[in-house]
Structure formats: structure tokens, C-alpha cells
Visitor: 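If you scroll down you'll find the structure; I have some questions about it.
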Protein chains: 2
Amino acid sequence: MPTADPVTERFTGDLPRMDPSEAASLVPREAVVATSGFGNVGYPKAVPEAIAAAEATHELTVLTGGSVGGEIDTALVDSGDLVRRFPYPGTGAIRAAANDGRVAFHDRHVSRLGDEVRFGGLVEGVDVAIVEAVAVGEDWLIPSPSIGQTPAYVEAADRLVVEVNRSQPLALQALHDVYLPGPPPDREPIPLSDPGGRIGGPTVSFDPETLVAVVETDRRDATYEFREPTDVDRAIGANFRGWLAREAGRNPTMRESIRLQFGVGAVGNALMGSLADLETDLDGERELVYFGEVFQDGLLELVDDGTLETASATALALTRAGQDRLFADVDRYAESIVLRPVDVTNAPGLIQRFGVVAVNSALEVDLYGHVNSTHIGGTQVNTGVGGSGDYNRAGLVTVVALPSTARDGDVSRVVPMVPHVDHTEHDVDVVVTEHGVADLRGRSPTERAGRLLEVAHPEYRPALQTYRDRAERRGGHVPHDLEEAFSWRSSTPEE
Amino acid sequence: MPTADPVTERFTGDLPRMDPSEAASLVPREAVVATSGFGNVGYPKAVPEAIAAAEATHELTVLTGGSVGGEIDTALVDSGDLVRRFPYPGTGAIRAAANDGRVAFHDRHVSRLGDEVRFGGLVEGVDVAIVEAVAVGEDWLIPSPSIGQTPAYVEAADRLVVEVNRSQPLALQALHDVYLPGPPPDREPIPLSDPGGRIGGPTVSFDPETLVAVVETDRRDATYEFREPTDVDRAIGANFRGWLAREAGRNPTMRESIRLQFGVGAVGNALMGSLADLETDLDGERELVYFGEVFQDGLLELVDDGTLETASATALALTRAGQDRLFADVDRYAESIVLRPVDVTNAPGLIQRFGVVAVNSALEVDLYGHVNSTHIGGTQVNTGVGGSGDYNRAGLVTVVALPSTARDGDVSRVVPMVPHVDHTEHDVDVVVTEHGVADLRGRSPTERAGRLLEVAHPEYRPALQTYRDRAERRGGHVPHDLEEAFSWRSSTPEE
């Protein structure tokens, strides 16, 4: 284990160093493989590709922390080595394979995944963990730009393969705060007393007996690329900012600070951007704190301009440009940014204790506030639920922010009934679109419908109102006309 | 505040004692009223009835802890004084009013409700708290057979009315462990280190300035009545017990103890009953611990015969006979039973730390494991979500146990698509019916459908299989035929 001094060497001690193909040959043909990686960064690259390139055909169950790049989710799909996959489909290839049944995929709340793997019976043990690191010793490693599920997976694994990636700065260790909750039922409370606190160190420990391979790479992450904010994104941001300022004026827990979480994506990035001007709307100074799972480019701006005091996340889900900017000055950013395991960033007990305002996007929301985050048309998986359920359930106030339409206006994102529910009406407090803010708190389902209609796109409001009227004539606490719930657009006289 | 000695007087100090109608007159005509009560016990009776009987017409928003009796949910509905209601519809009258729109009702996860009222903006403050107690002083009260949201509501309220109920034994104080989490963002972790531990005392403290009325009553609770277990219930119980024994043999967190939660109701009661024989199925001795929200008659048996070491709950949701049995011997039961606020019993951080196996019933489950707990036909509210979402989300393994059919076999409870989702596919691990156990862990949606078909009633399996085949031909990760999803029974050739 390294001492308190920073680690300056990539490799320490007597290590089983080998090339990627040799490491790949240590993975059994049928195996449960758990990898590092979250927010498209910090995932292993060379060994998964070597597995895909090997002549042997595998039947692998692959668990990642969250979203990972094509070296896993495309290469192993295309090679036919991947048969089962949890929890987040990171590429078009894995989504297509999940949708056509080639890969058995199931999505999980990321906060629960470490426990489900260690104890909960999601898999029958982990055969091999493959983990990217910036440095490794005989019984420790230092994660790269994401921590994700790495401590849990490393603990659960029979064998450990480490990829030391020279393109990931050693300085990233300054960001890391590794703490793994112990096993139930004697698990202690997570001793974090403020969002920016530190309760661990930079290293993930492991049983040295498990370390079977250390591989060296020098490959950048296939980072996210986000579109530039559109006018619609900016309008959503402005509406959100206005709502947040009003809430901060009302909410007794926000008198001194505001704790926020944003979901990954272009809308989330635009919402973060809107906060640069928040102070002008507030009735007094507030400390702004981020307690979420991904640190995106939008937050980099806020750290740089001093708007954001503290940011806690599990992954630096930055674009390439954002990564370059942070990598050039890691030690300065480490004064404000902490990276933790998902078991900590997404722990509902912490989200509750800190009173986090959760802000996540979605595919669509229905008139009663049920939210579909993941499945287009209810059937085609488009993205993972990630931690949105963790924050939407445990947040003090939960906000869903989305454009009112999709496909250049051809589809309303406010619909009578979502065909797949990731977040129930009980978990959604406020919906923001470019047309306004629907504050659903304290409202009955029919009242919620009235408010949600007001933030739908004006072109779709008549058809939604027609559905609502017909449903209400049928009565009930959550009125619906089930025959028309999914065919409302084609069956309304307005169209 | 009482000292460590038990309180022996019902009334201590200089108290504003008055009759119920005088107390009722202190409730403004338009007001937010928050009451004690959970699991149909411990709710105020005389003052709500006096409000209903008063000539003045009120427009009340009423928050309860959970389920309460007709003195609130029937009397105030019938008198027209109730306009808005959270979170759990306890009687036929309030359900009918929620369904026909006379009362604006919205359901909330009970674990979040205290925070939502204190900080989250569910209501704009609480005008009056009306709380049943076994004893009261100038700045403290001792709750009766439920604690529920009482500490949070009392803290939030501008005015406090206390009903001291002589029919509730003073000895109940021995069960109580009152602990109210502080306000975010500086909230401490809940310092409970084991399910049976004690971190508070028997009293709820309040600002003496808020106490405006103390009323005396002598009225029993309108306790739950549960039907006798049917053969189907017993078969579900036997299947559950078999699964639990296998899980205990596999799960490393269950080597010494098993922590369980059961939802309220006849099925839950039958499941508890099945545990009396659990030991014979186990591969070794285990301590059995209950960490849930309601303590039902089924648990009383297990405490009496020594099967259950410890039970933690927020309400003694007993039948009249069960209440008589416990009331006759409170001090002995207090060696095993602790009552806490819902903020503690349902805290996700604690449910996770203790590795609780969550066992809840439901109205219906669909082929992919989404669960409808509350709305018949998706529209008519039939019960509240209660804490099922708290345990189903945070439990180490979550079990949904339900009969395969309803209405004497006329309706399948396994359906293609539930028309209302209270628990998503991400939150449901195991489904138990009288026909078997569907262990969904680690399975893709289409695999889940295969396992769920096997626990459906044989009569409905062909029609479900026909739907499944048709849906799978359309493809997708969660295959559906949305036009037929709600009309499958009438549109299948088998019928």
C-alpha cells in the first residue's frame, strides 16, 4: 500500500506483467467478467479487445460500472463473445444486440449493483475483474478517471487483471476517495459528513493472490461527445434556473447552500451552463455544491469561474476537450473535485442527508408524471437508467428536464401514458421543458395532468387535452382510456 | 420531559385540556392538518370526528402517517371537509372520493413524506398537528401504537392538538424509540447499528408554545381485519419459505441471521406464518430478524414461539385480537419489539446496511416484472404504495408474493403489461405465487417473461404465451404489442 506521499511510479513491486493477448488468455471461455469504467471513461481497453480478437469463442457475462466504450461494448458484441451484459448499454452495438436478442441485457440501478454482485445473487461470483488504473502495486491499484463499481468488483473477483494506462495522468490519484461499504448486516453508516469530504484514499486494495496479469496501455478513452446546446436546451436551462432560484428562496434547507445532481447528456450539460447566472436570480448568496455521479464539461466551467465550490462524482464524463483541460491541471481541480465509488456517490442515505436536488432528463413523461428514461416506444432500449432512479427516489426535490418534442418536433415528449416506466409518479416532483415549469408537488394526478399540459408543445396540447377529457369521462384516480393510451395521436380529430 | 423512569400519569403539568369540539374549533376552516396514525392504529379519533360534526365547513388538506380509520378517512369525506389527502387511502370512503375526484389525493413513498413535509414543499407548512398519545406533558408526548410520521409532523406544525387515549396502554412507551433525523444538508447518519437497537426514547418533544389543546378519549382503534389464510396463501407461503431457505444457504450475508420485511395484508400475514417451520428447511441455525414498517399478527406468533429474535416497525398493525394479546403483556413484548418513526424504519440507508429481504404483495405483475400495487385497471386507486417502494428499492433481495389470480380465478395477476407501475423491472428480483418461484435475478426481459409464465395460473399461460410470441416477433429489448397489451385476454384465440 502506498504511504501518504503521492505515487510516482506506474508499477511497484513484483508484478505479473504481460501483453494483452496473454492476459486475455487467462479469461475462461465461459466467465463472469466485471470491468472498471463509468461515464465512458476509465474502462479497460486492450484486454477486452484482445479477448475479442482471440480465436477462442467466449460466452461472457460482462458487468461494467456504467457506460463504457466500444473496446468492450462494440468489440465483444461484434466478435460474438458477449452473451450477457449489465447494467448500461454504452454503444450502438450493444443496444442493437440487446434489442435483437443476441445479448441478454438487463438494466440495474447503479447504486445497488455493487451489493447485487457481492451479495445479492445477480451473478454467481465474478471470475475475472479487468480494471484500468494509473498505477498498480502488489496489493493496490489507483483508478483512472472513473471509480464506478471498481472497489466492489475487485473485492468480488477471483482473478484480477489490471491495465495501466499511461495516457491517464498519475495525478488523477489526487481526486480519488475510495471507500467501500462493508457487508450487511453489520455495515456501518457511510461516514461522509459533507459532499466534499474525504473518507478514504486514492487506492483500491486487493488480495495479492488474485492479481494474475498487469498490462500496459497508452490509449485515450472514447469520451462522450455532446452536441452544442440548442435554443431549446437554453430555454430549458433558463426555466430551470428560474425555478431553482424560487425554490432556494422558499426551501429552508437551501439558505446557505444548494446541492445539485445532473444526469449525463446534452440537456444536463446545458442545465449546468445555466447556473453561471444563477446568482443574479437569488435573494442572497448561496454556496453551490454538486453531489452526483458524473462530472461533465458544464461543471468544469463552473469550477473555473468559481460558481461551484465542491463537486463529488464517480466519473469525469468529459469530452475529449474537457479531459485535456482537466488533465492539464489536475492538482488545481482536485481542490474542488472528489471522485468516489458509486456505492457512495449514489447512496440514497447520503442523497437524503445532503438534501440533493436531482435533475435528470428523460425520453418522455406522461400526463401523470411517470417517466420513461430508457426504452423508445417502450420496447427498444436506447440508454441505461444509470443513477437516475437513485437520485429521483432519494432526492429532496426531483426535477425531470426535457425538450417538449423529439425528432424535430414530430413527436411529443409529453404523452398520455409512457409505454415503459423507469420513474413512477411518486418519484417525479417537477418537470421542466422549454415551455415552462410544471411543479407537481402536492397535486393529484388530474391536477398533475393540467400542469403538464402547460409545458407540452403547443402543437400537441389539443390532442393531449382531448385524450385527457376522454380519460376523465371514464373516471378514476389516474384516468386513462387504455384502448387509446398508445394510439392517441392517430385517433384524435386534431390530426 | 420525563426522566428515565416510566411515565405513570396520563397528564403532566399545566395543559390546555378541553373537549373535542372545542379543540376542533381551533382548526382553521382552510388548513393543512397532519395526524398521527399508521397501519390503522394510533390515529386521532375524537377531534377529527368533531371537525366533521361541526357546522362550519372546512377545506382541509389532511396528511396522515399511513393508513388510518374511518374517524378521519370516512367522517371527513362524508362531511365534505376533506379536499386534499396524502399519502395512503385507508377506507372505502376515501378511495371512492379519490376515484371520483371529490378529494385530490396523491400517494407518496412513506419514507420520504416527513422530509417532503418539513422541507420538500409538498405543502406550504402544517397548520395543525393532531396526534394520539398515551400520555402528554407540557413539551412532550408519548405516541400510542404507531409512531409513523408523528415526530416530523409535530416539528413542522404551528399548532398541536393531542388526544390522550385511555384505551391505549401507558405501557406502550416501553416499545418506543423516537429519533428524528435533523435537517439537510448537515443531517447526521442515523446511528442505528442493529435492527433491534435503541437510539432515542419514548417521547416526542415539541415547542410548548404550539400546544393548543389536549383532549381525552377512550376509543379503540378501528384495527385491520385480515381474512383467514386460504390454501393459496399457504401455498405461496410454502414456496416462499423454500426459496428463502435456499437463498440463506447461498447468500453470504445470511450466514448468521436473516432480516425480513413483510408488507401489510393477508398474504403478508400468511408469509410470516410460514416462517414458523423455516428452521427445518435451513442448513443451519439462523437468527430471524424483522426490520419492516408494520408489525402484524403473524409476527406475534413468531415472537411468542421464539422464532423471531427482534422486530422493528413503526406500527402495531394488529387485529383487535392481536392488539388484546399484545396489550395484555406489553412489557414482555417490549423485549423483542421496537417501534420507530417511519423516517427510521423505512430509511433506505438502513435497509441497505441491514441487507433486508423485502417481501411485498401486489395487485399484478407483468411479464417483465413491473408491478402494479395500487391501481385496479390502472385507474382506480385501491390501496397505497406505503413503504413497498422503500423496501423494494433498497432491499438486498426484493420479493413480490401474490396469488396468480384474482376474483375467484377470473382474472390473471400475471399480465402482459401492467397499466400502472409502482415498482419497475429494476426493483423486482423474485416473484412468488402458489405455482412456484420466478427468480428473475440476472435475467433479461425476455428471460424474465419465461420465468414469470411458469408461475402464472396454468389456465392463463397459453394466452400469455400467445401475447409473448406476438410481442417477440415485433422485437425489442422489452417486447410488446402495444395495441394488444391491455386487451390481450379478449383478443387471444384461446378465449
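A, B, ... follow the sequence lines: proteins, then strands. Residue 1 opens every chain.
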Visitor: Check A:Val397 against B:Gly120 and note the closest heavy-atom contact, atom names and distance.
Guide: CG2-O, 4.1 Å
Visitor: For chain B, which of A:Tyr368, A:Phe354, A:Phe291 has the most heavy-atom pairs under 4.5 Å?
Guide: A:Phe354
Visitor: So which of B:Arg448, B:Gln380, B:Arg474 has the biggest tally of heavy-atom pairs under 4.5 Å with chain A?
Guide: B:Arg448
Visitor: Measure B:Phe86 against the heavy atoms of chain A and call it side chain, backbone, both or neither at under 4.5 Å.
Guide: side chain
Visitor: Could you look at B:Asp194 and say if it's the side chain, the backbone, both or neither that has a heavy atom under 4.5 Å from chain A?
Guide: neither
Visitor: Show the nearest heavy-atom pair for residues A:Thr253 and B:Pro185, with the distance to one decimal.
Guide: O-CD, 3.9 Å
Visitor: Using a strict 4.0 Å threshold on nitrogen-to-oxygen distance, state whether A:Arg112 and B:Asp429 make a salt bridge.
Guide: no
Visitor: Just give me the residue among A:Gly349, A:Ala98, A:Gly355 that pairs up with chain B most often, heavy atom to heavy atom, under 4.5 Å.
Guide: A:Ala98
Visitor: At a heavy-atom separation under 4.5 Å, does B:Val123 approach chain A through its side chain, its backbone, both, or neither?
Guide: neither
Visitor: Contact part of B:Arg85 toward chain A, heavy-atom cut-off under 4.5 Å: side chain, backbone, both or neither?
Guide: neither
Visitor: Measure from the side-chain N and O atoms of B:Arg393 to the backbone N and O of A:Gly389, and report whether any donor-acceptor pair falls under 3.5 Å.
Guide: yes
Visitor: Using a cut-off of under 4.5 Å on heavy-atom pairs, state which of B:Pro195, B:Pro479, B:Gly476 scores highest against chain A.
Guide: B:Gly476
Visitor: May I ask you to decide whether A:Arg108 forms a salt bridge with B:Glu425, counting only side-chain N to carboxylate O separations under 4.0 Å?
Guide: no
Visitor: Nearest 0.5 Å, what's the CG-OG distance between A:Asp186 and B:Ser257?
Guide: 7.5 Å
Visitor: So for B:Asp100, is it side chain, backbone, both, or neither that comes closer than 4.5 Å to the heavy atoms of chain A?
Guide: neither
Visitor: Of the backbone (N, CA, C, O) and the side chain (C-beta and beyond), which part of B:Val385 lies under 4.5 Å from a heavy atom of chain A, both, or neither?
Guide: side chain
Visitor: Using 30° and 60° as the class boundaries, would you call the ring planes of B:His109 and A:His426 parallel, tilted or perpendicular?
Guide: perpendicular
Visitor: Is a side-chain N or O of B:Arg84 found less than 3.5 angstrom from the main chain of A:Gly442, in a donor-acceptor match?
Guide: yes
Visitor: With a 4.5 angstrom heavy-atom cut-off, is it the side chain or the backbone of A:Val381 that approaches chain B, or both, or neither?
Guide: both
Visitor: What residue in A:Ser444, A:Pro252, A:Pro189, A:Pro445 has the most heavy-atom pairs under 4.5 Å with chain B?
Guide: A:Pro189
Visitor: Quick one: does A:His420's side chain get under 4.5 Å of B:His370's, heavy atoms only?
Guide: yes
Visitor: If you count heavy-atom pairs under 4.5 Å with chain B, which of A:Gly377, A:Gly101, A:Pro348 comes out on top?
Guide: A:Pro348
Visitor: With a 4.5 angstrom heavy-atom cut-off, could you sort out which part of A:Ile351 is near chain B: side chain, backbone, both or neither?
Guide: neither
Visitor: Under 4.5 Å from any heavy atom of chain A, what part of B:Ala471 do you find: side chain, backbone, both or neither?
Guide: neither
Visitor: After noting the C-alpha distance and the side-chain angles of A:Phe105 and B:His477, does the key distance pass the side chain to side chain contact (heavy atoms under 4.5 Å, CB included) rule?
Guide: CA-CA 8 Å; A:Phe105 170 76; B:His477 176 239; 3.3 Å; yes
Visitor: Below 4.5 Å from any heavy atom of chain A, which atoms of B:His480 appear? Answer side chain, backbone, both or neither.
Guide: both
Visitor: Indicate whether the side chain of A:His106 and that of B:Arg443 have a donor and an acceptor atom separated by less than 3.5 Å.
Guide: no
Visitor: Check whether B:Ala347 gets within reach of chain A through its side chain, its backbone, both or neither, counting any heavy atom under 4.5 Å.
Guide: neither
Visitor: Closest approach of B:Leu396 and A:Phe119, non-hydrogen atoms and distance?
Guide: CD1-CB, 4.0 Å
Visitor: Given that the side chain runs from C-beta out, which part of B:Pro181 has a heavy atom under 4.5 Å from chain A: side chain, backbone, both or neither?
Guide: neither
Visitor: Is it the backbone or the side chain of B:Met417 that comes under 4.5 Å from a heavy atom of chain A, or both, or neither?
Guide: side chain
Visitor: Answer yes or no: does atom CD of A:Glu287 have more than 12 heavy-atom neighbours from other residues, nucleotides or ligands under 6.0 Å?
Guide: yes
Visitor: Would you say the side-chain atoms of B:Arg353 pair up with the backbone N or O of A:Pro183, donor to acceptor, closer than 3.5 Å?
Guide: no
Visitor: Restricting to non-hydrogen atoms, name the atom on B:Val421 and the atom on A:Thr424 that form the minimum distance, rounded to 0.1 Å.
Guide: O-CG2, 3.4 Å
Visitor: Hey, are the side chains of A:Glu483 and B:Glu483 touching, using non-hydrogen atoms and a 4.5 Å cut-off?
Guide: no
Visitor: Mind listing the closest non-hydrogen atom pair of B:Gly475 and A:Thr379 along with its distance?
Guide: O-CB, 4.2 Å
Visitor: Measuring heavy-atom distances to chain A, does B:Gln352 have an atom under 4.5 Å in its side chain, in its backbone, in both, or in neither?
Guide: both
Visitor: Specify which of B:Glu116, B:Glu256, B:Glu188 makes the most heavy-atom pairs with chain A at under 4.5 Å.
Guide: B:Glu188
